[in-house]
Number of protein chains: 2
Amino acid sequence: MHDYDGAVTQVTNPGAATVPARRGRGEKSSPTIYDIAKLAGVNPSTVSRALSKPGRVSAKTQKIIEDAAEQLNYRVNPFARALPTGRTQTIGLIVADITNPTFFDIIRGAETTGSARDYTMVLAESAESPETELTAARRMLSTVDGLILASPRMDDEQIRALASEKPVAVINREVDGVPCVVPDVNKGISQAVRSLAANGHQKLAYVAGPPQSWMSRRRWEGVQAACDWYKLEAVRLESSKPTVDGGRQVARDVLASGATAVITYNDLLAIGLMQELQAAGMRVPDQISIVGFDDIFGADFTTPALTTVRSPLGECGSRAAALLLDMLLGHEGPGGVVRVDTELVVRGSSGRLLA
Amino acid sequence: MHDYDGAVTQVTNPGAATVPARRGRGEKSSPTIYDIAKLAGVNPSTVSRALSKPGRVSAKTQKIIEDAAEQLNYRVNPFARALPTGRTQTIGLIVADITNPTFFDIIRGAETTGSARDYTMVLAESAESPETELTAARRMLSTVDGLILASPRMDDEQIRALASEKPVAVINREVDGVPCVVPDVNKGISQAVRSLAANGHQKLAYVAGPPQSWMSRRRWEGVQAACDWYKLEAVRLESSKPTVDGGRQVARDVLASGATAVITYNDLLAIGLMQELQAAGMRVPDQISIVGFDDIFGADFTTPALTTVRSPLGECGSRAAALLLDMLLGHEGPGGVVRVDTELVVRGSSGRLLA
DNA sequence: CAAAAGATGGCAACCGGTTGACATACCGCC
DNA sequence: GGCGGTATGTCAACCGGTTGCCATCTTTTG
């Protein structure tokens, strides 16, 4: 990790510099290892080794070359390096929907740990479509060292196919044979259902997410299991789309279901649902409790603030990136599943049922 | 930043993942123009021309080559192309803060128009620091065809220096000689101040953003001008940081100022401020009106929903990308300023003053 | 002190496209 | 038929690193 420009106070006019301006267009092109080699009086290949294969050259030569590199303000040309090696110092991240705040934290987590290790992140969006996703993934695959798929919509086979070409890490879904980072929903769901049961609720509705969503199914299973245990009746409702708007639309189904507590696939649905129910005169949480999922940005903006099962999304992004980078460095991960804990964040939207 | 405390359970290891086959020597590597050349019975350079210089080869040969390429499922190696040409089909985007939802629409706008024209986007964050920003910009510069700076914190000179090396577009700030996309705040501010004046307010506070923020200054100027016109008294307050938390912290200053209406540098500040004021027993908007800026995701989650001056951020991102791509195609943009309209979105947080 | 082992640097062949220079092939035209 | 001109394809030299192989030089060891 070279940091050549400390506090740069670029002032003087360009051209005063002693840098020999060669190169066709008269532009000052950046120095190459050949320039360094000339300056240091060694062979270019030695420069290459000094700069990328620690220990391969003697300490003395190493020093000379590093000084020369410093002096010329050298930085490797990523393309020239990528060409023979395939290494690009770049990881790709594909998310289902850039505007969905669920992914904000994931993106940031991945970007942060990526750039901490000097990897650049490239971002693409699948717009919730398996086909777009696959296309984006394929297009990326040739230009990145590894790929992170957040909540992928492709099927397992396609993911494994990708993973057989380049290292892949998956977030929010389990795929056999591919390293995954998955929030373990059971803990958070248990807490949520227990809390609801303790507050007098007896019938609970789960508002599901997109049918292709592995995580939505998983959450439903968790809800069922917990309801079983705590002796609540659970019903499942479908949403048209996992957004605020979808939440509003599902409000009448919720009312019709007779449930007094609702757990939604994500916070957006919960927020939309709450808005619509309140607009219809329902009091939250006195008449109905609402629990979301993920604890996204804005979940505490609502009145009452949203009770939600928090998934540490930033950590998911971050760990997925770390997993990937470890694989790239050869620390072959076992391809297992990393589970991160979820927990209930109790705010105002859930509570005692005042029947 | 993120710390992974022990709340992590590493579990299952489903079927030992088979290590991806290293791209060995005889392995199925992707086809090259040489493969196409052999198949089509022509010289590699002819293939190169057929694929990138339309019209340079005869229609007949063109067809043969395209068919061969199709048959082999050929795709260019971006690095091999980038090496001699410098063209990378990639644009960089640097934002001040990835977690700030303001930027999400920008990111999305840029990504969408970028990928529509077959450009990949790479993303970096400056963490609101001019130095980090410059470093990131420099690092990116060598690997992208052009750069978009969203709300840059560097000074004008540095930006112009970057712009002299590669095409640069700026969002949310005007820099002489560099193409910029800037929401024209005056319209929205006028509407806001007029509306506040009409509702009986006489003293207005502006909560400023980061000192380096060009846009914050601009908004303050706009507020001053509008207050002048509508005969309101305007005071300026400083915030510690442009976040929800910063908004909470500035609440006491707001109260102390005696203003009955507040316009904040951005929505996050407005939301935090409103939360804190409400917690202190103030009624919004009966006792104090609050107007934010940007209309970010979640601005309508609050109770009352936030009145805000909407900047079309997605459009900003999109237009900046378009500007950049046009420059890359040689349509030399005049380096002027593109202004997009802002408008007041009236929701519940502003209204008549019930003194 | 000689031989074997190890460390170090140089040479040159790539990686996969791009492109200027040049040789033909092809065309129309006098 | 010969000539100039253009269309088309080929050759070869890059772009800037990486790396296998080999020649030396140094060190260790018997």
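Numbered from 1 within each chain, the chains take letters A, B, ... in sequence-line order. FYI, side chains are in, hydrogens and waters are out, and symmetry mates aren't considered; it's all heavy atoms of this structure.
Atom C1' of nucleotide dG16(C) and atom CD of Q89(B) are separated by 16 Å, given to the nearest angstrom. Rounded to an integer number of Å, the gap from CZ of R81(A) to C1' of dG16(D) is 11 Å. Rounded to whole Å, atom P of dG17(D) lies 13 Å from atom CZ of R75(A). In this structure, the CD1 atom of I65(A) is 12 Å from the P atom of dT18(D), given to the nearest Å. What separates OH of Y74(A) from P of dG16(D) is a distance of 10 Å, to the nearest Å.
Between F79(B) and K60(A), the one whose closest nucleotide on DNA chain C sits nearer the 5' end is K60(A). Where T61(A) and A80(B) each meet DNA chain C at their nearest nucleotide, the meeting point lying more 5' is that of T61(A).
Residues E133(A) and R138(A) are not paired through a salt bridge, judged by the lack of any N-O separation under 4.0 Å between the basic side chain and the carboxylate. Ion pairing between E157(B) and R160(B) holds under the 4.0 Å rule for side-chain N and carboxylate O.
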Protein and nucleotides 19-22 of chain C: nitrogen or oxygen contacts under 3.5 angstrom:
from: dT19(C); atom 1: OP2; to: K53(B); atom 2: NZ; distance (Å): 2.5
from: dG20(C); atom 1: N7; to: R49(B); atom 2: NH2; distance (Å): 3.3
from: dG20(C); atom 1: O6; to: R49(B); atom 2: NH2; distance (Å): 2.5

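When each of L162(B), V144(B), L328(B) is tested with P167(B) by the rule side chain to side chain contact (heavy atoms under 4.5 Å, CB included), just one qualifies, namely L328(B). I171(A) pairs with exactly one of C316(A), P152(A), S151(A) by the side chain to side chain contact (heavy atoms under 4.5 Å, CB included) rule, that one being C316(A).
Here the closest heavy-atom approach between residue V168(A) and residue A163(A) is recorded as CG2-CA, 3.7 Å.
In this structure, R319(B) places its CZ atom where only 12 or fewer heavy-atom neighbours from other residues, nucleotides or ligands lie under 6.0 Å away.
Remark: nothing in residues 137-146 of chain A comes within less than 4.0 Å of DNA chain D through any heavy atom. Of the residues in residues 32-42 of chain B, those lying under 4.0 Å from DNA chain C by heavy-atom distance are T32(B), I33(B), Y34(B).
No side-chain heavy atom of T143(A) sits less than 4.5 Å from a side-chain heavy atom of T88(A). Side-chain contact between V42(A) and V47(A): present, with at least one pair of heavy atoms (C-beta onward) separated by less than 4.5 Å. By the 4.5 Å heavy-atom criterion applied to side chains, V338(B) and L323(B) are counted as neighbours. Between N77(B) and L83(A), some side-chain heavy-atom pair lies under the 4.5 Å cut-off.
Residues S58(A) and T61(A) have side chains that bring a donor and an acceptor to within less than 3.5 angstrom of each other.
The C1' atoms of five pairs define one axis at each end of the helix from dC1(C)-dG30(D) to dC30(C)-dG1(D), and these two axes lie 40° apart (to 10°).
Among residue pairs with one or both ends in residues 29-53 of chain B, none qualify as salt bridge (charged side-chain N to carboxylate O under 4.0 Å, His left out); sequence neighbours excluded. Applying the salt bridge (charged side-chain N to carboxylate O under 4.0 Å, His left out) rule to pairs touching residues 110-126 of chain B yields R108(A)-E125(B), R139(A)-D118(B), R117(B)-D326(B), sequence neighbours excluded.
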